Structure formats: structure tokens, C-alpha cells
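Below is one structure, written out as C-alpha cells, with a few remarks after it.
Values below: all heavy atoms of this structure, side chains included; hydrogens, waters and symmetry mates excluded. This is a predicted model, so every value here is computed, not measured. The sequence lines fix the lettering, A, B, ..., with proteins before strands; numbering per chain opens at 1.
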Protein chains: 2
Amino acid sequence: MPSVTVENYLKHLLLLAEETAGLVPMGALSTALAVVPGTVTTMVKSLAAAGLVVHRPRQGVKLTAAGRRLALGVLRKHRLVETFLVQVLKMHWSAVNAEAEQLEHAISDTVLDRLDALLGHPATDPHGDPIPSRHGKLRSQVYATLATCPLARPVRLVRITEQSAEFLQFAEQHGLLPGASVRVTDRNLAAGLVTVQRPRGQPVALSLAAAGRILIEPAR
Amino acid sequence: MPSVTVENYLKHLLLLAEETAGLVPMGALSTALAVVPGTVTTMVKSLAAAGLVVHRPRQGVKLTAAGRRLALGVLRKHRLVETFLVQVLKMHWSAVNAEAEQLEHAISDTVLDRLDALLGHPATDPHGDPIPSRHGKLRSQVYATLATCPLARPVRLVRITEQSAEFLQFAEQHGLLPGASVRVTDRNLAAGLVTVQRPRGQPVALSLAAAGRILIEPAR
DNA sequence: CCCACCATTTTGAGTAGTCAAAATAATTTC
DNA sequence: GAAATTATTTTGACTACTCAAAATGGTGGG
């Protein structure tokens, strides 16, 4: 049975692999896990010895098939728990990431399956993040973002890839939830500012970085 | 924040205190936690240093007020989670103890309160064990058991103080659930055997030890 | 009263994970 | 193409558990 620590290393590696081509640099893992780089080196070596990752010294790490399988299991738990907390316990979507961070390591597969059934086998969590299937399939689609989409065209928000409670509260206050329809009215690269207009309401200004964390698809 | 280990030591200490007058012997804790006695000694000394228990060398341990407060919190999580698993996820009562053992250390007070509300603030878990209140009150009543109650009189089962899955499955198969009405028709001390009759059905034979784990109150 | 037996404690050692800080390698800069 | 910067690795040390096995202290029987 993998320890909580191992599960966290694998999960973050999976998450980082989504936004990194090839190997994940040690430094990225180090900041994601909030441990010093030396610790990551030590730990990654032991994960490699266990056959869960491949370590290319001075270059980076990546999951093996076995490591990825485990990581997908943890991610599935995380996202199903988040969905449960929002849909059944009516918690705010900005609070559930922190809770799921703990519960993902304590919940058994049996309980998870019951939860999954209770929720009607959801495909995504409340942030629009895809939930890995029971058999380790992860629907990973490449979406445009509010930082890259064409101007003026109506688009539908599908996913918010930013977990910080502050950002999620801000997003919700301005109606920037998965499913919402908006238009980007202006994008000022010099100022790093994106202006978003939703059907009824004030325009909202976002940093380019923030806009890049909101994934969209063409509406209508 | 107390570690999982500390939470377990405190919880078991609270449980053992219920069935032990005065100090809990180190050996009892050792078997309850499935660690060697030397480990318990070491650990208890550090709990004592943290002000969570009082350690009388060569005699035993007991919780301080602070330790008891923490232990009650853990027990509340355990029993509310069990109730949730049975009532909402429809799991079998024989399976939920093991699950709750893990979840009790991962669930936050916020989530717990939501769960409590969802369940309608239950007073007991599916085994009839009382759930400590949010403010650390534990209804602890002394009941008779099937090993001590008068013969032939109708009695109502209120609580099964035995967590092993095998026993609980056996109990359920013979209708020995909290709320059930039965009569003890025979008690043979020499053979250590108790015979129980429920309204419609075959008589059930129990060991004296098992009967002592089934708490009852006079029916009607 | 002494011995044997029991529970408990001590001692020494191991594992998993972490940090701080020095050493090393790779990359960028000039 | 050497020097400076930055990322990574190494080293040594620490915390929180844990076990095995030896030492110790009470208790109860003869």
C-alpha cells in the first residue's frame, strides 16, 4: 500500500505532466509539493527503485505505467470527493480542494465506487476537471483559454484549472463558472489584461495568467 | 495538529476507559493498538509530556481533560462516518468500522458538521454506539447484556459492542440488530452458552462472551 | 521469605520522510 | 570560452514512529 507521501508525489507528477512536455523538472515537483529540492531528489530515487517513476538525473522525472495507474487512482478519488462535497454536502467549490487533499488518501475503492454511483458517474468535478474512469482512462482534451480565444465570439467556460480558494471565490462572484457563456471583448498584451463580458452584467478584468487558467470551447 | 498515531492512541484509551475502572494498563493499550508493549511505553511518555495523558509507571495511563477532548472528537468522526456509510452509501454495518478507521483521521470539522446535519444529528451509530456531541458530551449509559439479563423476559437490543465483521454478519443473519426484541430462554454457565429466542424464528446460541457484547434494555 | 512469573520499561537499532547547507553540473551571459 | 547564475544532487542530521530483546519491578505461591 503506497504511503500518503508516495501518493502525493505521484499525483502531482501526473498533474505536472499535463502541462509539461517530456520530463517534469525536479524543481517543479519541489514547489508543487512544498518541500526542498533535496528531498525531492531523495524521494524520487526511491520511487524509481520501486518502479513508479523514471529518473533521468539532472533532467527530470516521469511516471512509469505503474506509477501513472496509481496516480490516476488518487486523482479519481480527489475529484469524486470534490464532486460529492459540492453536490451532496453543498459545500462551496472554493473549499473542496483542501478537503479532498486529505480524504483522497483515506477513502477505499469500495467507498469510492458507492460514491461514484450515488453521484451518477460524473465525468467532471465541480471545476470542470475530468474524473479518471475506474479503469484509469482520463479524458484529456486540449481546450483554448480566455487568454488565447478569438475576440468578441461567444465561448462557453468548461474548466477552471486553478485551485486557490481566493481565485475560485472571485470567479464565482463574477459568474465565471463552468457552463457560463461569455465573450472576450478586449485583450491588451502590453498591460497583460483580458476583459470578459458576460450576457447580463459588468465586464470583468482578468490578468493574462488568470485568463489562461480558464478553459473554454466555442459556444453555440 | 495531532498525528494519526496520536489520535489512535487517544481514541483507544477512551474506548478502554469505558470498560476499565481507573487506569488503563499498558498491556491493554498495546493489544488494542497492535504494537509491542515497549512502543506503548515510549509513546505514552511523549503523550504525557504533551499533557494529553497521565502516566503512572508500572500502573497504567489515563486521559487528561485535553486528551479526552481530542479523543471524543475522533470518536465523533468515527461514528458519524459509520452512520453516513450505512445510511447514505448503503454499506453493510459489518464493513463500516474498517472504513471509518481511516476516514476519521482525514475528515475536517467543517465536513463533519455537514455530514451531521445531512444525517439529522443522529444520537447513535449503526451499532447503537452513542455519538459524542459536537461539544464533547458522550451519553454513556450502563446497560444490561444478554449475558446478565433476566431469563424469559422480553428485552430490546440497544447496542452491539463488538466490531469484528464476522460477528456482525452473524448477528445480522440471526436478526440480532439494535432495536430487535428477543428473549433469553436459557443460560448455561457451565457450557458458557446463552440461548436467545426472537419473535418469529429459530433460537440462536451464543457464547457467554458474545452475549456480553450485546447490550439490552427491558422491552415494552 | 524466596522464587517464578507476569507486565512493564529500557536499550539499541531501523524505516520513512524531512531540512540545511555544501558540492556539483549545466546553462546563460558577456 | 571563461565566469556567473541556476538547477540538482549529496551529505549529515533530525523527528516520529516502530520492533526485538534484555533488564527491571511487582505479585502470588509455595
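Crowding of A:Arg68 atom CZ: a count of heavy atoms from other residues, nucleotides or ligands under 6.0 Å not exceeding 12.
The pair A:Lys77-A:Asp109 meets the salt-bridge criterion, since a charged nitrogen lies less than 4.0 angstrom from a carboxylate oxygen.
Screening B:Asp116, B:Asp125, B:Asp129 for a salt bridge (charged side-chain N to carboxylate O under 4.0 Å, His left out) involving B:Arg76 leaves a single residue, B:Asp116.
Phosphate contact (OP1/OP2 of C:dG17, side-chain N/O of A:Thr5, threshold under 4.0 Å): present. In terms of phosphate contacts, B:Tyr9 brings a side-chain nitrogen or oxygen within less than 4.0 Å of OP1 or OP2 of D:dT18.
Atoms CG and CG, from B:Leu10 and B:Leu75 in turn, are 11.5 Å apart once rounded to the nearest 0.5 Å. The distance from the CG atom of A:Leu23 to the CZ atom of A:Arg56 is 5.5 Å, given to the nearest 0.5 Å.
Under the 3.5 Å distance criterion, with hydrogens and angles disregarded, a donor-acceptor pair is assigned to the side chains of B:Glu172 and B:His92.
Rounded to whole Å, the distance from CE on A:Met43 to C1' on C:dT15 is 12 Å. Atom-to-atom, CG of A:Leu29 to C1' of D:dA7 comes out at 14 Å; the value is rounded to the nearest Å. In this entry the distance linking CG of B:Leu52 with P of D:dA16 reads 13 Å, nearest Å. Taking atom CG of residue B:Leu33 and atom P of nucleotide D:dC19, one finds them 10 Å apart after rounding to whole Å. Counting to the nearest Å, the P atom of D:dA16 and the CG atom of B:Leu47 are 12 Å from each other.
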Expected string for nucleotides 8-14 of chain C under the B/S/- scheme (protein heavy atoms, under 4.0 Å, primed atoms plus P, OP1, OP2 as sugar-phosphate) is BBB----
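A:Ser30 comes within 4.0 angstrom of no nucleic acid atom, judged by non-hydrogen atoms across all strands.
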